[in-house]
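I have placed the structure first, in the form of structure tokens, so that the comments after it can refer back to it.
Reminder, nothing fancy here: chain letters follow the sequence lines and each chain counts from 1.
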There are 2 protein chains.
Amino acid sequence: MTKPQPNSMDVARRAGVSQSAVSRTFTPGASVSESTRAKVLAAAEELGYRPNVLARSLITGRSHIVALVVAYLDNQFYPVALEKFSKAFQALGYHVLVFMASNADEDVENVLEGLLDYQVDGVIMASVSISNRLAERCESAGVPVVLFNRRQDDERLSAVTSDNVAGGARVADHLVACGHRRIAHVSGWSGSSTGRDRRNGFVDRLAAHGIEPVAILDGMYDRDVAAAATRTLFSGEAASRPDAIFVGSDHMAFAVMDTLRFELGLRIPDDVAVVGYDDVPMAGWPAYDLTTVHQPADGMVDATVETLMARIADKTIAPRILRIDGPLVVRGSTRPHPDPTGGHSRD
Amino acid sequence: MTKPQPNSMDVARRAGVSQSAVSRTFTPGASVSESTRAKVLAAAEELGYRPNVLARSLITGRSHIVALVVAYLDNQFYPVALEKFSKAFQALGYHVLVFMASNADEDVENVLEGLLDYQVDGVIMASVSISNRLAERCESAGVPVVLFNRRQDDERLSAVTSDNVAGGARVADHLVACGHRRIAHVSGWSGSSTGRDRRNGFVDRLAAHGIEPVAILDGMYDRDVAAAATRTLFSGEAASRPDAIFVGSDHMAFAVMDTLRFELGLRIPDDVAVVGYDDVPMAGWPAYDLTTVHQPADGMVDATVETLMARIADKTIAPRILRIDGPLVVRGSTRPHPDPTGGHSRD
DNA sequence: GTGAAAGCGCTAACAA
DNA sequence: TTGTTAGCGCTTTCAC
């Protein structure tokens with residue numbers, strides 16, 4: 001049952017050629033005559049031979065393995081991205097090795113060691129919560145890194161995000177256009193660039209409309225924290241309560257909506273409007289029907305893959321920082337005000 | 001910036017010992033004196049040396065890589081499982097290489113080749129839709145396989161599932177106890193063992209109660225198909241419409257509920273009761289509050305990991321087929337009938 | 001175009 | 001306990 005895997009020498013013997021002829025047959029750019037190539041292929045087929053990628057990587061220095069570092073998969077945006085990443089890399093002859101990591105310093109070390117141990121050709125950091133040091137240490141060890149859905153102030157690191165500042169601004173415009181004036185924000189983790197950019201874009205544009213948010217609470221990208229924040233928003237005087245909430249991610253927005261409807265008994269959008277960020281598939285499900293900023297996962301993944309592959313091919317090229325814009329998708333969790341109090345328009 | 005990674009020879013020179021001493025220091029069971037060990041560790045630390053896992057695997061025949069083959073990550077059960085798998089393997093010094101695969105024959109070949117190319121130590125098939133042949137060919141190539149959340153009639157393959165037959169039966173009991181008599185089933189893909197087992201357990205137990213389902217439609221584990229099935233169920237005469245639906249997975253159940261509420265204008269559970277299967281986190285969210293059969297993901301993952309590791313350690317051990325039972329979690333999508341027509345009880 | 005030979009970084013006998 | 005010596009399976013000069 002357990003046939004030992006044949007190696008290139010077995011194939012060479014069977015084909016009546018040298019071992020290097022076998023290697024050449026399986027090396028894309030190498031020079032082999034059609035006849036030997038045919039003999040080798042035939043022998044390989046009969047024996048069920050496939051070159052050992054690991055052995056090859058020893059000599060070429062390319063493992064054809066890419067690491068994906070991610071903190072959690074609760075937020076549907078990440079599994080969706082993971083699926084796309086895996087398919088994209090598979091099509092390029094690469095494969096994705098998964099590393100789960102929290103913020104803990106200990107984790108950072110373990111993950112780093114793992115990355116280096118497996119000689120990964122590149123790293124995608126899809127987590128918002130992993131320490132910055134990790135990316136820097138990978139780069140300084142010669143392993144290209146691309147940050148996905150986050151960026152750092154460090155300009156030496158490649159990063160692909162949506163245009164979070166513009167997205168936040170777009171939400172502000174929309175809520176104002178809907179006639180809202182008492183607006184709250186349950187933000188993404190303020191330790192993450194993504195959370196900060198969305199908040200800043202939102203708050204600044206609100207200010208341009210002459211509006212200050214009634215409250216800004218950090219939702220930590222966590223359902224429970226976001227739910228608690230929602231309760232806080234509605235615990236005070238009636239006058240201080242928001243009539244619209246911008247939530248820093250769809251994942252949290254669902255928790256906010258659940259709390260609003262089922263715990264506080266409020267109607268969406270009649271009593272409170274809600275806007276999210278990401279446009280994960282679930283946002284389009286009728287149960288939520290959430291107005292949200294679309295993050296173009298396809299485009300972001302493609303850009304990330306391309307950037308990483310370029311840096312793998314040539315480590316000397318300059319890092320890229322890409323911002324891929326996405327539209328606001330208006331759904332049923334917000335409703336244009338029939339008679340906007342202030343008549344503010346979008347520009 | 002790009003320091004070349006040091007190798008064991010560099011460390012040996014620096015520590016003033018032989019290269020094998022370095023190897024021994026990093027090989028758990030090897031015999032090294034405390035003094036050389038200390039010297040090696042110091043030198044390694046200074047140089048930032050870590051053994052190359054790939055080179056090691058060439059000689060040991062263990063890559064410390066496990067493949068996870070999966071078809072899609074839409075169904076929340078799979079990302080949750082993936083996260084647990086990755087963490088569990090990381091704790092054991094293994095890592096997960098992801099392979100996305102559809103049913104297509106072409107995919108089966110590509111995935112198989114990928115698995116063999118990377119010399120993975122073991123394979124977890126978490127997909128319900130990948131061809132049976134793949135698992136068999138891995139095993140016959142000497143790569144241990146464990147099926148996750150599915151099984152095959154082939155007794156030579158290890159498999160870990162929940163007790164799908166018992167789970168289906170439990171749903172039948174519950175719906176009957178709730179007083180329902182016009183019961184429909186939107187099943188999981190009938191090409192999958194999981195889909196068939198749940199259906200059979202359900203239908204057989206219903207029969208024991210003297211009830212025949214009003215309809216059984218294959219939902220293919222797909223939201224759109226399940227939604228279409230729901231429309232079909234309610235397209236006929238009022239008398240032929242179900243007052244309860246058992247759906248073969250939570251993922252489909254959400255689509256069924258959305259269709260029921262927002263397209264057909266029906267109330268759950270008043271007009272129609274709905275039961276799912278899996279108990280993914282979302283099933284507990286108030287927006288759905290879905291009665292469902294709990295699949296113990298933790299237990300299933302642990303059992304799968306353990307089974308796979310055992311077979312990696314000793315390929316001659318017999319395959320295990322494990323069924324891990326989970327309870328029915330009753331939530332708001334079903335309601336006990338105040339006055340059950342037939343007075344059927346659960347046993 | 002082809003084979004011989006050297007080595008990628010490591011582990012595992014084998015002597016010492 | 002230690003160093004020396006063979007490889008693991010492959011790619012890549014280098015002569016031919």
Over how many whole Å does the gap from B:Gln119 atom CD to C:dC10 atom C1' extend? 16 Å
For a quick check, tell me whether the side chain of A:Arg24 and the base of C:dG3 share a donor-acceptor pair closer than 3.5 Å. yes
Heavy atoms from C-beta onward define the side chain here; which of D:dT2, C:dC10, C:dA4 lies closest to that of B:Ser35? D:dT2
B:His64 backbone acceptor or donor facing A:Tyr118 side chain under 3.5 Å: yes
Side-chain atoms of B:Thr60 come closest, of D:dT2, D:dG9, C:dT11, to C:dT11
Distance test, side-chain N/O of B:Ser31 to OP1/OP2 of D:dT1, below 4.0 Å: yes
Protein-nucleotide distance (A:Gln5, atom CD; D:dC10, atom P), rounded to Å: 10 Å
Counting any heavy atom closer than 4.0 Å, what does B:Phe26 reach on the DNA or RNA strands: base, sugar-phosphate only, or nothing? nothing
Pick base, sugar-phosphate or nothing for A:Ser57, based on heavy-atom distances below 4.0 Å to the nucleic acid. nothing
Less than 4.5 Å apart, any side-chain heavy atom of B:Tyr78 and any of B:Asn149? yes
Return the nearest nucleotide to the side chain of A:Gln19; candidates are D:dG3, D:dT11, C:dC10. D:dT11
Which one, C:dT2, D:dG3, C:dC10, comes nearest to the side chain of B:Ala21? D:dG3
Return yes if some donor-acceptor pair links the side-chain N/O of B:Asp117 with the main-chain N/O of A:Val53 below 3.5 Å, else return no. no
One should read off an interatomic distance between A:Gln76 CD and B:Gln76 CD, to the nearest 0.5 angstrom, of 7.5 Å
Have a look at B:Ser33 and say if it touches a base, only the backbone sugar-phosphate, or nothing, with a 4.0 Å heavy-atom cut-off. sugar-phosphate
Looking only at D:dT2, D:dC10, D:dG3, the nucleotide nearest the B:Val32 side chain is D:dT2
In whole Å, I'd like the distance from the CE atom of A:Met9 to the C1' atom of C:dA5. 13 Å
Quick one: label B:Val22 by what it contacts on the DNA or RNA (base, sugar-phosphate, nothing), any heavy atom closer than 4.0 Å. nothing
Do B:Ser20 side-chain and D:dT4 base share a donor-acceptor contact under 3.5 Å? yes
How close or far is atom P of C:dA12 from atom CD1 of B:Ile59, stated in whole angstroms? 7 Å
How long is the straight-line distance from OG1 of A:Thr304 back to CD1 of A:Ile324, given to the nearest 0.5 Å? 7.0 Å
Would you say a side-chain N or O of A:Ser8 is under 4.0 Å from OP1 or OP2 of D:dC10? yes
Proximity to the side chain of B:Ser23 - top-ranked nucleotide from D:dC10, C:dT2, C:dT11: C:dT11
Whole-Å gap separating P (D:dT11) and NE2 (A:His64): 11 Å
Just how far, in rounded Å, is C1' of D:dG9 from CG of A:Asn52? 6 Å
Atom CZ of B:Arg13 to atom P of C:dG9: distance rounded to whole Å? 11 Å
Side-chain (A:Thr161) to main-chain (A:Arg150) donor-acceptor, under 3.5 angstrom: no
Go through D:dC10, C:dG3, C:dG9 for me and flag the one nearest to the A:Tyr49 side chain. D:dC10
Rounded to the nearest angstrom, tell me the gap between atom CZ in B:Arg56 and atom C1' in C:dG9. 11 Å
